Amino acid sequence: MKSIRTRSQERILELLNHIKQGISAQDMYIELRNGNQSMGLATVYRSLEALKLEGLVQVRTLANGEALYTLVKQDKHHLTCLQCGISIPIHQCPVHDLEIQLQTTHQFKVFYHTLEFFGLCNQCQSK
């Protein structure tokens, strides 16, 4: 059953669809304000939370604590350097079969998953 969305939620979905990359709530707030679609920062956070619970938006927290929001389109996997902060996407999924198994054994609806490995990139190892 599709839930009824607020105008703020629809604006955020449109923005995320247009941007096509991770964006922080603060930057989303600025983008909306610059596009004459002003809404309060608290409304941005509330709308993101509602969209996350609906399974439409996912959040990824970077090593520096910044949260980036994207539309749920595919699962995300990364190698993240703790020193320089570079984040390298991994395109294969080693846990896809586990996700299917967990959905079945626990009757749990999975919207998405993330997998992130933390360490040092090649350049930071050389320093």
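Everything numeric here is computed off the predicted structure, so don't read it as measured data. Basis for what follows: all heavy atoms, side chains included, without hydrogens, waters or symmetry-related copies.
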When you check the side-chain N and O atoms of H77 and H113, is any donor under 3.5 Å from an acceptor?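 Side-chain D/A pair, H77 to H113: present.
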
With sequence neighbours excluded, tell me which residues meet side chain to side chain donor-acceptor pair (under 3.5 Å) with S24.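 Only D27 meet the side chain to side chain donor-acceptor pair (under 3.5 Å) criterion with S24.
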
Restricting to side chain to side chain donor-acceptor pair (under 3.5 Å), what partner residues turn up for R46, sequence neighbours left out?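 R46: side chain to side chain donor-acceptor pair (under 3.5 Å) contacts with T43.
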
[atom1] of [X] to [atom2] of [Y]: how many Å apart, nearest 0.5 Å?
X	Y	atom1	atom2	answer
T104	H106	OG1	NE2	10.0 Å
L13	L51	CG	CG	4.5 Å
Q9	I4	CD	CD1	11.0 Å
F118	L79	CZ	CG	10.5 Å

Decide yes or no for [X] and [Y]: does some side-chain heavy atom of the first lie under 4.5 Å from some side-chain heavy atom of the second?
X	Y	value
R7	M39	no
Q26	L41	yes
P94	L115	yes
E31	I23	yes
T80	I86	no
L71	Q58	no
V59	L48	no
E14	N17	no

Are [Y] and [X] connected into the same hydrophobic cluster when the rule is that any two of I, L, V, M, F, W, Y join if their side-chain heavy atoms are below 4.5 Å apart?
X	Y	result
L62	Y45	no
I30	Y69	yes
L102	I100	no
L68	L56	no

Who passes salt bridge (charged side-chain N to carboxylate O under 4.0 Å, His left out) against E66, sequence neighbours left out?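 Per chain and number, E66 pairs via salt bridge (charged side-chain N to carboxylate O under 4.0 Å, His left out) with no residue.
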
Partners passing salt bridge (charged side-chain N to carboxylate O under 4.0 Å, His left out) against E116 (at least two apart in sequence or in another chain):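 For E116 the salt bridge (charged side-chain N to carboxylate O under 4.0 Å, His left out) partners, ignoring immediate neighbours, are R60.
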
For side chain to side chain contact (heavy atoms under 4.5 Å, CB included), just list the numbers for L16 and T70, CA-CA rounded to whole Å, side-chain angles, deciding distance to a tenth of an Å, and then say yes or no. CA-CA 6 Å; L16 288 172; T70 57; 5.5 Å; no

Grab the two heavy atoms, one from L15 and one from M28, that are nearest each other, plus how far apart they are.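 Closest approach of L15 to M28, heavy atoms only: CD2-CG, 3.1 Å.
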
Over all atoms of both residues, closest heavy-atom pair of S47 and I12: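 Closest heavy-atom pair between S47 and I12: CB-CD1, 3.4 Å.
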
F108 atom CZ: more than 12 heavy-atom contacts under 6.0 Å: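 No, because the 6.0 Å sphere around CZ of F108 holds 12 heavy atoms or fewer from other groups.
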
Not counting sequence neighbours, which residues clear side-chain contact (heavy atoms from CB on, under 4.5 Å) with Q123? List them please.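 With sequence neighbours excluded, Q123 shows a side-chain contact (heavy atoms from CB on, under 4.5 Å) to C121, given in chain and number order.
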
Which residues pass the side-chain contact (heavy atoms from CB on, under 4.5 Å) test with L120, sequence neighbours left out?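 With sequence neighbours excluded, L120 shows a side-chain contact (heavy atoms from CB on, under 4.5 Å) to C81, Q83, C124, Q125, given in chain and number order.
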
Would you sort out whether H96 and L98 count as a side chain to side chain contact (heavy atoms under 4.5 Å, CB included), showing the intermediate values? CA-CA 5 Å; H96 183 71; L98 175 61; over 6 Å; no

Please assess R11 against T6 for the test side chain to side chain contact (heavy atoms under 4.5 Å, CB included), listing each intermediate value before the final yes or no. CA-CA 9 Å; R11 287 178 181 166; T6 65; over 6 Å; no

Check this for me: does any side-chain nitrogen of one of E49 and K52 sit under 4.0 Å from a carboxylate oxygen of the other?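 Salt bridge: yes.
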
